[in-house]
Amino acid sequence: IRLESVAGAYWRGDESRDMLQRIYGTAWETPEQLEAYEFMKEEAARRDHRKIGQDLGLFSIQESTGGGLVYWHPKGAMCRHIIETFWKDLHLARGYE
């Protein structure tokens, strides 16, 4: 068994109600399965596009304006434009309207 994280939450999302504790965890039949899962999670974190894009200077994400809002930098905006153009051209060539 591996504890992943804990978090608090109000009952039915109502702040006037009691706070509950959420516990996130996983259970595995063998230690090898747990080890494989942990390796997969480490690899996923290492390959996270949000981190890589910021490290390469393609974009930035500012939590104060919304966690999913991307501010494109010049190199990133050009990469996005090239990829979107390719995608649109491919779809039009294959009959999508």
Side-chain angles (χ1 to χ4, degrees):
I1 295 176
R2 179 61 47 130
L3 178 64
E4 295 283 320
S5 64
V6 295
Y10 292 105
W11 176 251
R12 299 189 183 244
D14 185 349
E15 292 181 19
S16 66
R17 295 181 175 224
D18 291 336
M19 169 88 62
L20 303 174
Q21 195 71 23
R22 289 184 177 161
I23 301 172
Y24 299 92
T26 59
W28 303 93
E29 290 184 14
T30 66
E32 292 79 22
Q33 289 177 332
L34 172 60
E35 190 175 310
Y37 170 73
E38 289 177 337
F39 178 77
M40 180 200 61
K41 283 189 65 173
E42 289 170 8
E43 282 296 304
R46 190 176 65 81
R47 297 177 184 187
D48 186 350
H49 67 279
R50 295 165 297 189
K51 181 179 182 325
I52 293 171
Q54 291 181 67
D55 291 346
L56 293 173
L58 301 177
F59 57 79
S60 58
I61 300 172
Q62 302 193 3
E63 296 299 324
S64 61
T65 57
L69 182 60
V70 172
Y71 291 95
W72 292 100
H73 299 179
K75 288 191 311 185
M78 182 53 68
C79 288
R80 177 183 176 183
H81 172 72
I82 292 168
I83 291 168
E84 286 180 350
T85 300
F86 169 78
W87 180 81
K88 289 174 188 175
D89 291 344
L90 185 64
H91 278 74
L92 290 173
R94 293 190 176 172
Y96 286 87
E97 296 179 2

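Side chains are part of it too, since the values below use all heavy atoms of this structure and drop only hydrogens, waters and symmetry mates. Residue numbers start at 1 and run along the sequence shown.
When all heavy atoms are compared, the tightest approach of Arg46 to Ile52 is O-CD1, 4.0 Å. Ser60 approaches Gln54 most closely through the heavy-atom pair CA-CG, 4.2 Å.
Once rounded to the nearest 0.5 Å, the distance linking NZ of Lys75 with CG of Leu56 reads 6.5 Å. Note: His73 NE2 to Phe59 CZ = 9.0 Å, rounded to the nearest 0.5 Å. Rounding to the nearest 0.5 Å gives a distance of 4.0 Å between CG of Asp55 and NZ of Lys51.
With salt bridges taken as basic N to acidic carboxylate O contacts below 4.0 Å, none links Arg12 and Asp14.
Transitive grouping of hydrophobic side chains (ILVMFWY, heavy atoms separated by less than 4.5 Å) brings Met40 and Leu34 into a common cluster. In terms of hydrophobic clustering, with Ile, Leu, Val, Met, Phe, Trp and Tyr side chains grouped at heavy-atom distances under 4.5 Å, Ile61 and Leu69 are assigned to different clusters.
In the displayed structure, Arg17 atom CZ is contacted under 6.0 Å by more than 12 heavy atoms of other residues, nucleotides or ligands. Summarising the local packing, CH2 of Trp11 is surrounded by 12 or fewer heavy atoms from other residues, nucleotides or ligands at distances under 6.0 Å. Counting heavy-atom neighbours within 6.0 Å of Ile1 CD1, excluding the residue itself, gives a total of 12 or less. Taking a 6.0 Å sphere around CD of Glu43, one finds it holds more than 12 heavy atoms contributed by other residues, nucleotides or ligands. Shown here is Asp89, whose CG atom has more than 12 heavy atoms of other residues, nucleotides or ligands within 6.0 Å.
Partners of Glu38 according to the salt bridge (charged side-chain N to carboxylate O under 4.0 Å, His left out) rule, which considers only residues two or more places apart in sequence or in another chain, are Arg2. For Gln62, there are no side chain to side chain donor-acceptor pair (under 3.5 Å) partners at least two apart in sequence or on another chain. Scored by the salt bridge (charged side-chain N to carboxylate O under 4.0 Å, His left out) test, Glu4 finds Lys41 as partners (sequence neighbours excluded).
When atom types are taken as modelled, the side chain of His91 and the backbone of Tyr96 share no donor-acceptor pair closer than 3.5 angstrom.
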Take Trp72 and Val70, measure what side-chain contact (heavy atoms from CB on, under 4.5 Å) needs, and give me the verdict at the end.
-> CA-CA 6 Å; Trp72 292 100; Val70 172; 3.8 Å; yes
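In this structure the side chain of Tyr37 never reaches within 4.5 angstrom of the side chain of Gln33, judged on heavy atoms.
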